[in-house]
Amino acid sequence: MKVSFPYMGPVTAYRKLFEQLGYEVIVPPRPTQRTVELGAKNSPEFACFPFKVLMGSYIEACELGAELIFSSGGHGPCRAGFYGEIHARNLKNLGYQAEVVIFDEPLYNWKGFYNNVKRLKGDNSFFRLLRATFLTYRVMSELDKCERLLHRISPYQRKAGSAEKAWLLIQKEYANVFNGKGLALARSKTEEIIKEIELSKVEERDRIKIGIIGEIYVVLEPSINMGIENILNDLGCETERSQYLSEWVDYMLIPGKGKKEKGIMAKAEKYIDIVIGGHAKQNIGHIIDFKERGFDGIVHLKPFACLPELVTESIIPEMSRVYDIPILTLSLDEQSGLTNNLTRIEAFVDLIRKKDRARHIS
Amino acid sequence: MQIGIPGALLYQYYISFWRPFFEELGFQVVISGNTNKELVNRGVKVSVPELCVPVKIFIGHVFELLDKGVDFVFIPRMEAIRRGEFFCPKFMGLPAIMKYGVPGVKGKLLTCQINARSDDISNYKHYLPLLDKLDLSIKELKKAAAFSGEKWKRFRTINKMGYMSCEANKMVVEGVSGKELLPKENNNHIKLGLLGYVYNIYDDFVNMGITGKLNQMGIDFITFDMYEEELLDQYVAQLSKPLFWTFTNKLLGAGYQMLQKKLVDGIIHITAFGCGPDAFLGRLLELESDRAKIPYMLIRIDEHTGENHLQTRVEAFIDMLKRRKSKIS
Ligand code: SF4
Ligand code: SF4
């Protein structure tokens, strides 16, 4: 059975899961302009941007012969929870037979979740499933850790592009991990790769840190957010995201491990006291968290007309004032190119630098 | 003391509860007037551009109430009226958007959380957060809630007899109980399904008075609010996974029922620019209308839709339905 999945963040990691379970894996191509256009053409006009990209991605996976697509139903009451139904219908209308299996939050629909797990497991033993899941999870968290580190140091690399290259090499290392021993090996190789990157020394006070918040898909997947972290890195800023897939897995699946997220939610309480859909509430909390941790600015990424993020966006001016932190909201959709956004991003970084300098002088 | 209620969003669905409720508690209720160009512009000006038109209009209504000098503006947070379903995120975030995003609202916001099990939101417990701000006792609250709950039920009874929400609300104020009414007779040839949220189909500014025009043309139509809630729920249950948003589900259920039972000759669906849930709803209705072979037309309104344009489209659609009908019969 040929299976595929959405292209979202650390693809290397979840490819692992399916391989270990003996599936033939079709990794969907990294989203390109074609993916986006294909998706937009085959989606309702006012569907959200992630919906369209996923649509395009699924079509491309089907073109490559995918028969079964595993996906997640998203978080909280929002449209993502309904993506799969319409994706599947649209694929059928296009003449593809692929089945779309949607994993919902176990708490929301326990029975459905259990059935899907059984589906995923296939003929494998539960033990094998657990082992594969665990390995995937470890690969995912280690990759997340590396990515985080790289975006912290890459603004100071002596040779342009060395951090990006390192990232590719690291992913390759982890692609070859099949057990605990492999994991240890990949880890030590990774350390070496990272040590290779030459860095210039920068004073703590000259470092500029930018937090990235927003809707999960556009935050996680560089190919559809213009590679925002790299852009900011190149402009000399360190970046950290509000979300890493392994943390999301922690929160969703591993009891007791979601403490960090709960803390973040608690910070948001003052502004929004219930979950209103998507990650709006978390994002409010992350703004406060980034500020408390000494970040200098925040970039808020949202798919065009995203329902919950519009609520966030409406509150942002007030928060930016109260917490004295510049926040830039960028709307992403099939039309938004890098060109019109780049100027805004550069202006934003300038503003932060000026603000920073003023602070040090006074 | 004056309490302002914006005449927008769920106004037409719940005003028969909210107005008597506050009046019973001894407050003067002020309702903003009809939507108009200037009001819309004021809402548009302060809101994030991508917000949907109905929320921008709502903001305009709130401004009007602030102008009138009310002491509080009542903006409840609508969370749920079904188990496992919610309101559109914009409803759930509405008090927050208003408080932090709209100048002047902060000190005057009167809010509470509606998290009910059915459309009936008259349980006094939803309104407990009002006690302190308005200096009320639980006893008063209970009494007012029970009293106006009855009014609201009367409204629903009339509404379900085939009268539009706006008509039914008026009748409740005039003291019509519903018992003396006959269900609206439908003896016209063309019957239309008019789908859309109450704030789209009953706001004459938003839809350029479509209901009046249909009446003039002698076209009968049914809307989702004329249905029994349970019937709609049954049709929604056809989906392996219902949508998350209650009112979107209601429209879907009504649409499915009309199409599957072939109750109508055509459907006009009015949606607002920037509406997220309707992107999916529209697609589902479209698929179902193909299956039923009953025409479906989507009209999307934005801040600048022209009246002529809308009139032409509606007329053309009705003409087409008439031609189809004479061919079939
Ligand atoms: S959070 Fe935004 S992008 Fe995600 S489903 Fe909701 S509207 Fe769409
Ligand atoms: S359902 Fe649509 S029109 Fe209504 S508030 Fe939500 S986005 Fe706006």
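A note on names: the letters A, B, ... follow the listed sequences, proteins ahead of strands, and every chain is numbered from 1.
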| note | Closest non-hydrogen atoms of A:V311 and B:P89, given as atom of the first, atom of the second and distance, are CG2-O, 3.9 Å
| Can you check whether B:C52 reaches A:L310 side chain to side chain, under 4.5 Å on heavy atoms? | no
| task | Would you indicate whether B:K133, at its atom NZ, is surrounded by more than 12 heavy atoms from other residues, nucleotides or ligands within a distance under 6.0 Å? | result | yes
| Out of B:V46, B:L94, B:I97, which one pairs with A:S314 under the side-chain contact (heavy atoms from CB on, under 4.5 Å) rule? | B:I97
| field | Contacting moiety of A:P308, where chain B heavy atoms sit under 4.5 Å | value | both
| query | Where does the angle between the aromatic ring planes of B:F280 and A:Y83 fall among parallel (under 30°), tilted (30 to 60°) and perpendicular (over 60°)? | reply | perpendicular
| Between A:A280, A:G84, A:S331, which residue shows the highest count of heavy-atom pairs closer than 4.5 Å to chain B? | A:S331
| said: Restricting to non-hydrogen atoms, name the atom on A:P44 and the atom on B:A279 that form the minimum distance, rounded to 0.1 Å. | reply: CB-O, 3.5 Å
| said: Using a 4.5 angstrom heavy-atom cutoff, name the option from B:P49, B:G93, B:G101 with the most pairs to chain A. | reply: B:G93
| Got a second to check how far B:Y100's OH is from A:I284's CD1, nearest 0.5 Å? | 9.0 Å
| Spatial distance of atom CD (A:E45) from atom CG (B:L298) [nearest 0.5 Å] | 9.5 Å
| Can you check side chain to side chain contact (heavy atoms under 4.5 Å, CB included) on B:R283 and A:N90, steps first, answer last? | CA-CA 10 Å; B:R283 179 80 186 123; A:N90 283 1; 3.3 Å; yes
| query | B:E286 versus chain A, heavy atoms under 4.5 Å apart: side chain, backbone, both or neither? | reply | neither
| field | A:E313 versus chain B, the contacting section by heavy-atom distance below 4.5 Å | value | both
| field | Beyond-backbone contact of A:R89 with B:L284, side-chain heavy atoms, under 4.5 angstrom | value | yes
| said: If I measure from the heavy atoms of chain B, does A:F51 come under 4.5 Å with its side chain, its backbone, both, or neither? | reply: side chain
| request: Could you tell me how the ring of B:F273 sits relative to the ring of A:F46: parallel (under 30°), tilted (30 to 60°) or perpendicular (over 60°)? | output: perpendicular
| message | Is it true that, when you exclude B:D132 itself, more than 12 heavy atoms of the residues, nucleotides or ligands shown sit nearer than 6.0 Å to its CG? | response | no
| query | Does the pair A:I274 and B:Q113 meet the rule for a side chain to side chain contact (heavy atoms under 4.5 Å, CB included), with working shown? | reply | CA-CA 10 Å; A:I274 49 161; B:Q113 297 77 37; over 6 Å; no
| query | Does the side chain of A:I316 reach to within under 4.5 Å of the side chain of B:V48, using non-hydrogen atoms? | reply | no
